[in-house]
Student: 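Submitted below is the structure of interest, expressed as structure tokens.
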Amino acid sequence: MSQDFFYGTGKRKTSVSRTRLYKGTGTITVNGRELADYFPRATLQMIIRQPLKLTKTLEKFNIACRVTGGGLSGQAQAVRHGISRALLEFDPEMRGVLKRAGFLTRDSRVKERKKYGQRAARARFQYSKR
């Protein structure tokens with residue numbers, strides 16, 4: 001039983017990306033839209049292409065992503081994480097290169113919750129002595 005795609009789940013903050021890699025020419029679609037249409041900022045497009053450039057597989061795969069939650073930056077990093085995991089499923093030999101670049105580690109930093117009696121997570125209400 002041979003599968004026609006390689007799958008990877010990527011996460012960052014509250015964003016979750018379900019990524020599929022198909023053999024192809026290098027087109028990337030996110031939620032049914034072109035990459036440049038969904039992520040208009042060049043830096044976000046660069047973030048998504050990083051694991052492909054690193055492993056020299058930029059023109060080998062067509063990528064289809066479904067991403068939900070969070071903002072554009074978190075979604076782009078979730079897509080990068082998903083692509084990295086899918087590349088690992090395609091070729092386990094890429095693990096060393098991707099690991100060294102830090103693309104396989106789930107970035108677990110999330111916004112700290114607001115505490116009661118305070119203005120924000122750590123910021124206190126303004127205090128006046130006099």
Side-chain angles (χ1 to χ4, degrees):
M1 181 180 132
S2 96
Q3 67 186 93
D4 55 339
F5 64 87
F6 302 96
Y7 178 79
T9 304
K11 294 181 181 183
R12 172 71 171 102
K13 292 187 180 180
T14 57
S15 301
V16 179
S17 170
R18 296 173 296 167
T19 308
R20 289 181 176 197
L21 267 62
Y22 301 92
K23 301 270 186 197
T25 57
T27 60
I28 302 173
T29 57
V30 181
N31 290 349
R33 292 158 58 187
E34 285 295 316
L35 179 66
D37 186 35
Y38 194 85
F39 294 110
R41 291 201 318 238
T43 52
L44 297 179
Q45 295 172 26
M46 182 205 65
I47 284 171
I48 290 171
R49 290 191 181 109
Q50 278 178 331
L52 299 168
K53 283 184 179 175
L54 192 67
T55 57
K56 297 174 182 69
T57 55
L58 196 57
E59 305 295 319
K60 274 189 176 179
F61 296 107
N62 290 341
I63 299 168
C65 302
R66 279 271 181 234
V67 64
T68 58
L72 286 181
S73 180
Q75 285 187 352
Q77 292 176 33
V79 170
R80 177 178 70 181
H81 190 221
I83 289 171
S84 300
R85 285 183 162 186
L87 282 170
L88 202 61
E89 195 174 296
F90 164 69
D91 183 12
E93 296 294 315
M94 294 180 184
R95 182 172 184 82
V97 177
L98 291 169
K99 184 95 172 152
R100 232 174 286 113
F103 297 154
L104 297 178
T105 307
R106 200 272 202 217
D107 193 349
S108 61
R109 295 175 297 170
V110 291
K111 187 173 180 177
E112 195 173 327
R113 74 179 278 288
K114 181 198 174 298
K115 277 66 164 212
Y116 55 86
Q118 297 181 16
R119 193 168 47 80
R122 300 196 180 181
R124 313 304 201 267
F125 290 118
Q126 193 170 6
Y127 173 71
S128 172
K129 254 185 175 173
R130 291 173 190 85

Student: Has the side chain of T29 got a donor or acceptor atom that lies under 3.5 Å from a matching backbone atom of E34?
Tutor: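 The answer is no, because no donor-acceptor pair under 3.5 Å joins these two groups.
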Student: Mind listing the closest non-hydrogen atom pair of T19 and G82 along with its distance?
Tutor: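 Of all heavy-atom pairs spanning T19 and G82, the closest is OG1-CA, 3.7 Å.
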Student: How many angstroms lie between atom OG1 of T14 and atom CD of Q75, to the nearest 0.5 angstrom?
Tutor: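 Between T14 OG1 and Q75 CD, I get 8.5 Å after rounding to 0.5 Å.
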Student: Please verify the inter-ring angle class for F5 with Y22; under 30° counts as parallel, over 60° as perpendicular, anything in between as tilted.
Tutor: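 Geometry flag for Y22 against F5: tilted rings.
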Student: Measure the shortest side-chain to side-chain distance between R106 and H81 over non-hydrogen atoms and say whether it is less than 4.5 angstrom.
Tutor: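 When only atoms from C-beta onward are counted, H81 and R106 do touch, with a gap below 4.5 Å.
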Student: For residues 85-98, run the donor-acceptor check on the side chains, cut-off 3.5 Å, and write out each pair with its distance to 0.1 Å, sequence neighbours left out.
Tutor:
| unit_1 | atom_1 | unit_2 | atom_2 | d |
| --- | --- | --- | --- | --- |
| R85 | NH1 | T9 | O | 2.9 |
| E89 | OE2 | Y7 | N | 3.4 |
| D91 | OD1 | E93 | N | 3.1 |

Student: Minimum heavy-atom separation for A121 to Q118, with atom names?
Tutor: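 Scanning both residues, the minimum pair turns out to be O-OE1, 3.0 Å.
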Student: Once side chain to side chain donor-acceptor pair (under 3.5 Å) is applied, do any residues pair with R122, and if so which ones, sequence neighbours excluded?
Tutor: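 Testing R122 for side chain to side chain donor-acceptor pair (under 3.5 Å), a comparison that skips the adjacent residues, returns E112.
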Student: When rounded to the nearest 0.5 angstrom, what distance separates CD1 in I83 from OG1 in T57?
Tutor: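 That separation rounds to 9.0 Å.
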Student: Quick one: pull up CZ in R20 and CZ in F61 and give me the separation to the nearest 0.5 Å.
Tutor: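 One gets 15.0 Å once the value is rounded to the nearest 0.5 Å.
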Student: Which distance, rounded to the nearest 0.5 Å, do you find between the CZ of R49 and the CD1 of I28?
Tutor: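 So the CZ of R49 and the CD1 of I28 are separated by 5.0 Å.
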Student: Any link between F103 and V30 through a network of hydrophobic side chains (Ile, Leu, Val, Met, Phe, Trp, Tyr) touching at under 4.5 Å?
Tutor: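 Yes; V30 is reachable from F103 via cluster members.
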Student: Looking only at heavy atoms, what is the nearest atom pair of N31 and V67, with distance?
Tutor: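 N31 and V67 have their closest heavy atoms at OD1-N, 2.8 Å.
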Student: How long is the gap from OG1 on T43 to CD1 on I48, to the nearest 0.5 Å?
Tutor: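 Answer rounded to 0.5 Å: 10.0 Å.
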Student: Examine distances only and state if a side-chain atom of D107 and a backbone atom of R12 form a donor-acceptor pair shorter than 3.5 Å.
Tutor: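 No, because the side chain of D107 does not come within donor-acceptor range (under 3.5 Å) of the backbone of R12.
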Student: Which pair of non-hydrogen atoms, one from G70 and one from S15, has the smallest distance, and what is that distance?
Tutor: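 Looking at all heavy atoms of both residues, the shortest contact is CA-OG, 3.5 Å.
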Student: Would a hydrophobic clustering, with Ile, Leu, Val, Met, Phe, Trp and Tyr connected at side-chain separations under 4.5 Å, put L58 with L44?
Tutor: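 Yes, one cluster joins them.
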Student: Hydrophobic clusters here meaning ILVMFWY residues chained together by side-chain heavy-atom distances under 4.5 Å, can you tell me if L52 and Y38 are in one?
Tutor: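 Both belong to a single hydrophobic cluster.
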Student: Roughly how far, to the nearest 0.5 Å, is the CZ atom of R119 from the CZ atom of R124?
Tutor: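 One gets 10.5 Å once the value is rounded to the nearest 0.5 Å.
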